[in-house]
Novice: 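Next up is a structure, given as structure tokens.
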Amino acid sequence: MDKLVIDGGVPLRGSVDVSAMKNAALPIIYASILVAGKCRLENLPDISDITISFEILRGMGATITRVDDTTIEIDTENLVGSTSDKDLVGRMRASYYLLGAELGRFGKSHVGYPGGCDFGVRPIDYHIKGFEALGGEVTTDSEYITISAPLGVRGNGVYFDGISVGATINVMLAAVLAKGITTIDNAAKEPHVVDVANFLNTCGARITGAGTDMIKIRGVEKLHGCTYAIIPDMIEAGTFMIAAAATNGHIKINNVIPKHLEAIAAKLEEMGAEVEMLDDAVIVTGGETYRKTNIKTMPYPGFPTDLHPQMAPLLSIADGVSNIKETIWPERFRYVKELRLMGANISVNEDTATATIKGVGSLHPARVRAVDLRAGFAVLIAALMTAGETEIFDIKYIERGYEDIVKKLTGLGAHIKKVPVTPDDMNGMSQKIG
Ligand code: EPU
């Protein structure tokens with residue numbers, strides 16, 4: 001077990017390259033099951049959720065060969081459905097894409113329950129409703145979700161009661177090889193939904209409308225292999241933008257799609273940072289002081305829930321009282337306890353899923369935990385902007401979704417190191433390290 005030790009208060013300066021988007025790369029890896037052949041995937045991030053996905057697919061008979069640091073070849077021809085390892089599947093959220101991909105290729109699926117970051121209930125009822133509309137009969141027990149389609153997978157109209165990235169992608173996966181036409185109404189419009197559709201279309205699928213709230217999928221007989229490069233991670237880019245502002249730094253963030261960053265850029269500018277968009281990069285210059293603001297998380301193109309926790313430390317040093325209303329994951333406030341240990345003044349109204357953050361001028365160092373992926377980066381931003389030595393435990397959550405974080409931050413001038421947790425840490429933090 002390792003911890004991060006950060007000697008903060010140093011403005012971030014220089015340039016950093018954004019890795020590929022985790023939440024696009026993961027479903028594309030599972031989508032390769034539908035190809036039943038070889039694909040070359042480029043620009044993959046080296047993070048633990050990707051490594052676990054490779055383990056799951058290798059265990060099912062896929063051959064995965066590393067070409068270079070960011071490229072793999074995956075051959076799913078001999079993959080056997082319904083054989084995924086339940087424990088590995090339970091270590092990450094995106095493993096639920098096995099359901100749609102297996103149903104699409106084999107007409108049935110048998111998969112353990114997905115895991116992932118724990119910030120409240122994460123239902124999959126929309127996914128199940130979508131599979132049923134396509135002819136799937138779904139049964140669940142305490143360990144497995146099982147789907148069969150005795151009459152085959154057939155295209156149909158699917159309407160979602162709420163907007164779900166996962167359910168939209170999963171139904172797309174189940175529908176590309178189905179007989180007939182599937183329409184998904186009230187579909188998620190996130191860039192990762194578009195990227196998965198683009199990957200599938202490059203393999204011969206016929207999907208139109210991805211990026212709008214109505215997606216149409218004309219089933220095809222089979223897919224063929226392709227070479228595909230994953231889009232850059234807008235959440236990683238947004239996280240660095242916030243870190244630049246919070247440390248009063250000046251950084252150029254390379255390999256971005258500026259259009260994806262409009263919501264976060266608008267908020268940072270409103271607070272007093274300078275944001276300059278280039279063709280495939282963004283430059284953020286911090287301000288000496290920041291104005292309060294209010295944030296409401298929304299599906300794309302609204303303010304992303306996956307950048308909510310990272311904004312809390314910045315709002316903690318703004319003038320006045322700010323609010324963050326969380327509309328996607330109402331319990332995503334576990335970072336609050338950790339930021340309070342650093343002196344933040346944050347209260348949470350659970351009924352309205354709103355955090356109220358009173359600006360306190362500055363925070364102080366502490367020993368804190370990364371309680372989930374984005375919450376982990378929230379305390380990391382707090383540590384970077386705070387003079388003195390902060391220690392962050394449970395960093396496996398940060399490593400689940402951010403690539404090479406020590407190297408990237410060191411390149412921006414941060415004083416950060418990853419060191420093993422000591423027996424003293426274990427005693428002192430026994431209530432905290434888990
Ligand atoms: N929902 C349902 N029923 C469902 C599915 C979703 O009620 O069957 C609700 C959820 O409870 C939530 C909302 O719909 O309130 C949106 O959930 P969504 O399905 O969009 O989330 P997801 O697909 O499980 C992905 C990302 C999350 C990100 C959300 C929202 C992956 C692996 N995860 O989750 O990423 O927060 O979309 O954009 O793609 C992260 O990267 O830190 C992360 C949590």
Side-chain angles (χ1 to χ4, degrees), residues 19-31 45 47-50 52-53 89 91-100 113-133 138 140 145 158-174 184 186-196 213 230-231 233-239 260 263-264 297-311 325-335 353 370-378 397-403:
S19 301
M21 186 186 273
K22 162 180 95 73
N23 290 344
L26 290 166
I28 288 173
I29 288 168
Y30 289 101
I47 51 176
S48 58
D49 270 12
I50 298 281
I52 298 169
S53 299
V89 162
R91 282 172 55 193
M92 59 180 298
R93 191 76 197 154
S95 54
Y96 57 25
Y97 292 126
L98 278 170
L99 292 166
Y113 284 90
C117 286
D118 173 17
F119 40 70
V121 185
R122 300 182 74 181
I124 57 163
D125 54 316
Y126 300 164
H127 304 234
I128 290 176
K129 190 180 154 189
F131 298 143
E132 285 173 342
V138 183
T140 54
I145 304 161
V158 176
Y159 172 80
F160 289 130
D161 296 325
I163 296 173
S164 162
V165 171
T168 302
I169 293 177
N170 238 339
V171 169
M172 227 158 55
L173 298 181
I184 306 176
N186 204 20
K189 295 183 278 201
E190 268 67 3
H192 22 310
V193 175
V194 180
D195 210 35
V196 179
D213 54 15
I230 318 291
I231 54 168
D233 194 330
M234 59 185 250
I235 302 300
E236 187 193 356
T239 302
H260 297 168
I264 179 67
T297 65
M298 300 284 279
Y300 187 81
F303 191 94
T305 174
D306 294 341
L307 288 176
H308 148 188
Q310 300 91 313
M311 283 299 284
K325 180 167 175 60
E326 176 57 62
T327 73
I328 316 284
W329 304 117
E331 293 170 55
R332 195 173 212 172
F333 292 100
R334 293 178 64 216
Y335 66 87
V371 292
D372 65 52
L373 166 58
R374 309 302 171 189
F377 220 110
Y397 291 107
I398 303 179
E399 291 175 338
R400 150 178 279 169
Y402 289 95
E403 183 177 35

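Values below: all heavy atoms of this structure, side chains included; hydrogens, waters and symmetry mates excluded. All ligand and atom numbering here is 1-based and tracks the order in the structure.
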Novice: Less than 4.0 Å is my threshold; does some heavy atom of Y300 fall inside it relative to ligand 1?
Specialist: no

Novice: Please report the C-alpha distance between I47 and Y402 in whole Å, then the side-chain angles of each, then the deciding distance to 0.1 Å, and finally whether the side-chain contact (heavy atoms from CB on, under 4.5 Å) criterion is met.
Specialist: CA-CA 6 Å; I47 51 176; Y402 289 95; 5.7 Å; no

Novice: I need the atoms of ligand 1 closer than 4.0 Å to a non-hydrogen atom of I124, numbered in the order shown.
Specialist: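 Heavy-atom distances to I124 below 4.0 Å select 4 (C), 8 (O).
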
Novice: Counting distance only, does the side-chain N/O of E326 pair as donor-acceptor with the main-chain N or O of W329 below 3.5 Å?
Specialist: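 Yes, E326 side chain to W329 backbone: donor-acceptor pair under 3.5 Å.
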
Novice: Nearest non-hydrogen contact with atom 34 (O) of ligand 1 belongs to which option: H192, M21, R122?
Specialist: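 Looking at heavy atoms only, R122 sits closest to atom 34 (O) of ligand 1.
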
Novice: Are any of the heavy atoms in P123 under 4.0 Å away from ligand 1?
Specialist: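 Yes, P123 has a heavy atom closer than 4.0 Å to ligand 1.
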
Novice: For ligand 1, is there an atom lying under 4.0 Å from some heavy atom of K22?
Specialist: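 Yes; K22 lies near enough to ligand 1 that a heavy-atom distance drops under 4.0 Å.
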
Novice: What atoms in ligand 1 come closer than 4.0 Å to a heavy atom of H127?
Specialist: 8 (O)

Novice: Can you check whether G166 has an N/O within less than 3.5 Å of an N/O in ligand 1?
Specialist: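 In this structure, G166 places an N or O atom under 3.5 Å from an N or O of ligand 1.
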
Novice: Examine the side chains of H127 and N170 and answer whether a donor and an acceptor come within less than 3.5 Å of each other.
Specialist: yes

Novice: From the options I163, T168, I169, select the one residue that forms a side chain to side chain contact (heavy atoms under 4.5 Å, CB included) with V165.
Specialist: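 Among I163, T168, I169, the one that satisfies the side chain to side chain contact (heavy atoms under 4.5 Å, CB included) with V165 is I169.
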
Novice: Yes or no: does R332 have any heavy atom under 4.0 Å from an atom of ligand 1?
Specialist: yes

Novice: Do any N or O atoms from the side chain of R332 and from the backbone of R374 form a donor-acceptor pair under 3.5 angstrom?
Specialist: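 No, because the side chain of R332 does not come within donor-acceptor range (under 3.5 Å) of the backbone of R374.
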
Novice: Is I163 close enough to touch ligand 1? Criterion: a residue heavy atom under 4.0 Å from a ligand atom.
Specialist: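 True for this residue.
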
Novice: Can you tell me which portion of K129 lies within the under-4.0 Å heavy-atom range of ligand 1? Options are side chain, backbone, both, or neither.
Specialist: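 For K129, there is no contact with ligand 1 at all, from either part.
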
Novice: Under 4.0 Å from any heavy atom of D125, which atoms of ligand 1 are there?
Specialist: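 Per the distance check, 2 (C), 3 (N), 4 (C), 7 (O), 8 (O).
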
Novice: Taking non-hydrogen atoms only, is D306 closer than 4.0 angstrom to ligand 1 via side chain, backbone, both or neither?
Specialist: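 Side chain only.
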
Novice: Between T297 and T327, is there a donor-acceptor pair closer than 3.5 Å when you use the side chain of the first and the backbone of the second?
Specialist: yes

Novice: Indicate yes or no: does an N/O atom of A167 lie under 3.5 Å from an N/O atom of ligand 1?
Specialist: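 Checking ligand 1 against A167, no N or O pair falls under 3.5 Å apart.
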
Novice: Among all residues two or more places apart in sequence or in another chain, which pass the salt bridge (charged side-chain N to carboxylate O under 4.0 Å, His left out) test with E399?
Specialist: K418

Novice: Are the side chain of K129 and the backbone N or O of Y159 linked by a donor-acceptor pair below 3.5 Å?
Specialist: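 Pair found, side chain donor or acceptor close to backbone of Y159.
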
Novice: Check each heavy atom of Y96 against ligand 1 and say whether those closer than 4.0 Å belong to the side chain, the backbone, both or neither.
Specialist: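 Side chain only; the backbone of Y96 stays clear of ligand 1.
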
Novice: Kindly say whether V89 contributes a backbone atom to a donor-acceptor pair with the side chain of S95 at under 3.5 angstrom?
Specialist: yes

Novice: Output the distance between atom NE2 (H192) and atom CE (M234), rounded to the nearest 0.5 Å.
Specialist: 6.5 Å

Novice: Taking the six-membered ring for Trp, is the centroid-to-centroid distance between F333 and H308 below 6.0 Å?
Specialist: yes

Novice: May I ask whether I328 places a heavy atom under 4.0 Å from ligand 1?
Specialist: yes

Novice: Decide whether an N or O pair under 3.5 Å exists between S164 and ligand 1.
Specialist: yes

Novice: Would you say T305 has any N or O atom under 3.5 Å from an N or O of ligand 1, going by distance alone?
Specialist: no

Novice: Where does I235 meet ligand 1, judged by heavy-atom distances below 4.0 Å: at the side chain, the backbone, both, or neither?
Specialist: neither

Novice: Number the atoms of ligand 1 from 1 as they appear, then name those within less than 4.0 Å of a heavy atom of L373, with their elements.
Specialist: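 Answer for ligand 1: 42 (O).
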
Novice: Between K22 and L26, is any pair of side-chain heavy atoms under 4.5 Å apart?
Specialist: yes

Novice: Any N or O of R374 that comes nearer than 3.5 Å to an N or O of ligand 1?
Specialist: yes

